Protein chains: 2
Amino acid sequence: MSAAASPAPRPKGTRQRGVISRLLIAAEGPLSVPELHSRALTELPSLGVATVYRTLKLLQEQGAAHIVTLDGENLYEASGRGHHHHFACRSCGRVFTLSTCPVALPPGTVYPGGFVVEAHEVTLYGQCPACAAAQG
Amino acid sequence: MSAAASPAPRPKGTRQRGVISRLLIAAEGPLSVPELHSRALTELPSLGVATVYRTLKLLQEQGAAHIVTLDGENLYEASGRGHHHHFACRSCGRVFTLSTCPVALPPGTVYPGGFVVEAHEVTLYGQCPACAAAQG
DNA sequence: ATGGTTGCAAACAGTTTGCATCCTG
DNA sequence: CAGGATGCAAACTGTTTGCAACCAT
């Protein structure tokens, strides 16, 4: 590579990883790899996807992030937000994090049929506030 | 069951597609492509995966089947069972279809935050009856 | 014979991994 | 200078598609 023009500012302690996890934490909801990569590119022009995947895997192993598969697409989200679910807007496609839970199924509950529930996942689909306001 | 004599027991108008959709309908829950393929192989020894995928795509276009992504794996399920959800056993890995719904969110409901709910999806994780009985 | 169906393999998209290089300490 | 981090490209896995052979009508 050619030497360059100006020294780029970089995070300390880790290299691009910091930026990636920061973006993940700052996100309004789970992000796809392309989306995360593209957001990171504005700060790290030479970032490769491999690094994004590697970082995500690391974060998952550390329990700092986890994967959410929605409509067949893999999204990543920072951990530590406690119990929550997601809302996928059918108009703008964005995914939001919901704070309230619509089901009462504490771990240990025996569901009709004899299924012992240990955890549950809920995803709501519809119109987000903005899209609902824009059109009916 | 079909007549055992000479007339080959093949559906009219389609070839292996019939077998595949029959297996899908008979399944106890959504199936993965490898699983569906392997079940079909017992009846159609030369069946290729491509045909399975092609058939599934056709069935989806006809609204006779739909995809269910669970833990990042794509599963296929016959349609027409009305509103239902799934239970994934963490021990045996099998996925079951539940008949009762644990949430009360009729379409049109406005969820806290202003999200207009059009549909919802629920997945429960835990021990299926068999696995729960086998071990605590 | 004709058109829809299928198997095989190549093509593809998303994700992971090997390797040489670059960076931080 | 050493060890970890990164980019690039090859390797993989799951899914789709092109094409010639195949089957039922």
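Residue numbers begin at 1 in each chain, while the letters A, B, ... track the order of the sequences. This is a predicted model, so every value here is computed, not measured.
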Subject >> From D/dG7, C/dT15, C/dG7, nucleotide with atom closest to B/Ser46 side chain >> reply: C/dG7
Original post:
Salt bridge between A/Glu28 and A/Arg39, side-chain N to carboxylate O under 4.0 Å?
Top reply: yes
**OP:** Using atom CD1 of A/Ile67 as one end and atom P of C/dG14 as the other, report the distance to the nearest whole Å.
**Re:** 14 Å
Original post:
Tell me: CD of A/Glu73 to C1' of D/dG14, nearest whole Å?
Top reply: 16 Å
Original post:
What integer distance in Å separates B/Glu35:CD from D/dG14:P?
Top reply: 14 Å
Original post:
Can you tell me if A/Thr109 uses its side chain to pair, donor with acceptor, with the backbone of A/Val117 under 3.5 Å?
Top reply: no
Subject >> Rounded distance in Å - NE2 (A/His37) to P (C/dA13) >> reply: 17 Å
Subject >> Rounded distance (Å) that lies between atom C1' of D/dG7 and atom CD1 of A/Ile20 >> reply: 13 Å
Subject >> Residue-level proximity of residues 51-62 of chain B to DNA chain D when a heavy atom falls under 4.0 Å >> reply: B/Tyr53, B/Arg54, B/Lys57
Subject >> B/Gln60-B/His66 side chain donor-acceptor pair, cut-off 3.5 Å >> reply: no
Original post:
Quick one: do the A/Tyr111 and B/Thr100 side chains pair a donor with an acceptor below 3.5 Å?
Top reply: yes
Original post:
Has A/Asn74 got a side-chain N or O lying under 4.0 Å from the OP1 or OP2 atom of C/dT15?
Top reply: yes
Original post:
More than 12 non-hydrogen atoms from neighbouring residues, nucleotides or ligands closer than 6.0 Å to CZ on B/Arg90, yes or no?
Top reply: yes
**OP:** Write down the distance between CG (B/Leu47) and C1' (D/dC22), rounded to a whole number of angstrom.
**Re:** 15 Å
**OP:** Check every atom of D/dT6, D/dT17, C/dT17 against the side chain of B/Ala50 and return the nucleotide holding the closest atom.
**Re:** D/dT17
Original post:
Do A/His85 and B/Glu121 get their side chains close enough for a donor-acceptor pair, meaning under 3.5 Å?
Top reply: no
